Peer 1: 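Input: one structure, supplied below.
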Amino acid sequence: MSQDASNKNQQHYRAETISIRGGHTRTSEREHSEPIFTTSSYVFESAEMAAQMFAGELSGSTYSRFTNPTVDIFEKRLAALEGGERCIATSSGMAAIFTTIMALLETGDHIVSSRSLFGSTYSLFMNYLPKFGIKVTFVELSDLNAWEAAVLPNTKLFFMETPSNPLTEMGDIKKVAAIAKQSKSIFVVDNCFATPILQQPLKLGADIVVHSATKYIDGQGRAMGGAIIGDNKLVGEQIYFFGRTVGPTLSPFNAWIFLKGIETLPLRMQAHSKNALELALWLEAHPKVNKVFYPGLASHPQHQLAQEQMNTISAGFGGMLAFEVRGDVNDKANAWQVIDQCQMISITGNLGDMKSTITHPASTTHMRLSEDERRATGITQGLIRLSVGLEHIDDIKEDLMHGLLLI
Ligand SMILES: *Cc1c(COP(=O)(O)O)cnc(C)c1O
């Protein structure tokens, strides 16, 4: 036996091990921790070598817009966790989504997408893609008939976020994948809320997974980044060559931060899930709370699907939940009271952080929706979204109690 400096044995490792060791091939320095390569270009040994590398006859780093050894470790680690052949890292989650769509679609193409989406994704689909002649039909995430009915002859791509933000609605990845396949569409899943620790969409039939690494992958609210994961053809060729030309590149420093974040991702997701489930049960029993939305609750309409689709036995149901406070659901006063009385939980739109964060979707992340659209999707004025962090559960409860006592 010997120390494995290469990563040739890594494909057998389990998620906890991949999270700590995946993707790193030691350099000639025999470093133990992953190095940061802050260099924009790489020196060729000769004119001939330069020519061979430009011709693609030799592989290796040439220019950090598309090849950087630190970013490469991050890409290999995330690809292994998602069970994909290839990963392309990007400068943000939105860059990942935009790059995927621009690389794969052209004018005249059509997208079918779930309606409940991250705000900027919705805005991209509504306001910007039509400028390039790409149209989007929005459907209810959990309505399989609606996905099927929305398909047009020019449909090329399906897009889904599950669990949804903020109501934790679930999309059935396996069944929607079958509909996408039938219509020869590429199925993209935004796996930001679940992370590969809870859910691996590629194994359920999705073609591409996109991530905002800014959230759970970092886990400490420090750096922006994103990723696209899939097979060698779609991601390794089509998206790679587009990205290498256009340049939505992740910085090596941010890649290194994410590598440190991923080391604890399996442990953090278990701990987030544990706190979130306990908090969801507590809120559900609280007299000042109307309703709690969390896939781990038996009262969640898709509790069964969550158990089938996510690795709930080992990692739980995730750290995101929403709840509606009692009172007039058309009046934000009570929800704002609970939020404003928080002394510890941060009032901020970020999520997936070790610090708990709280928001009022109707007046922030979902303010662009009309009152009717919000009512149709269940995002009332009484709704609060919580990204449950890793503080002591009793401190989180006590912080929410300040406001709950007053309403
Ligand atoms: C934050 C987020 C994004 C966008 O990621 P950025 O890193 O902020 O660009 C996309 N999808 C989901 C579900 C998100 O939460």
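Predicted, not measured: the structure shown is a model, and the values here were computed from it. First listed ligand is number 1; within each ligand, the first listed atom is number 1.
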Peer 1: Kindly state each residue pair satisfying side chain to side chain donor-acceptor pair (under 3.5 Å) with at least one member in residues 240-257, sequence neighbours excluded.
Peer 2: Tyr240-Arg244
Peer 1: I'd like to know if the side chain of Glu34 pairs up with that of Thr70 as donor and acceptor (distance under 3.5 Å, no hydrogens or angles considered).
Peer 2: no
Peer 1: Is a side-chain N or O of Arg77 found less than 3.5 angstrom from the main chain of Ser19, in a donor-acceptor match?
Peer 2: yes
Peer 1: Hey, does the side chain of Gln302 reach the backbone of Met170 with a donor-acceptor pair shorter than 3.5 angstrom?
Peer 2: yes
Peer 1: Among pairs that include at least one residue of residues 125-134, which meet side chain to side chain donor-acceptor pair (under 3.5 Å), considering only residues two or more places apart or in two chains?
Peer 2: Ser123-Asn127
Peer 1: Can you list every side chain to side chain donor-acceptor pair (under 3.5 Å) pair that touches residues 155-164, not counting sequence neighbours?
Peer 2: Asp109-Lys156, His110-Thr155
Peer 1: Between ligand 1 and the protein, which N/O pairs fall short of 3.5 Å?
Peer 2:
from: ligand 1; atom 1: 5 (O); to: Ser212; atom 2: OG; distance (Å): 3.0
from: ligand 1; atom 1: 7 (O); to: Gly93; atom 2: N; distance (Å): 2.9
from: ligand 1; atom 1: 7 (O); to: Ser212; atom 2: OG; distance (Å): 2.8
from: ligand 1; atom 1: 7 (O); to: Thr214; atom 2: OG1; distance (Å): 2.6
from: ligand 1; atom 1: 9 (O); to: Gly93; atom 2: N; distance (Å): 3.0
from: ligand 1; atom 1: 9 (O); to: Met94; atom 2: N; distance (Å): 2.9
from: ligand 1; atom 1: 11 (N); to: Asp190; atom 2: OD2; distance (Å): 2.6
from: ligand 1; atom 1: 15 (O); to: Lys215; atom 2: NZ; distance (Å): 2.7

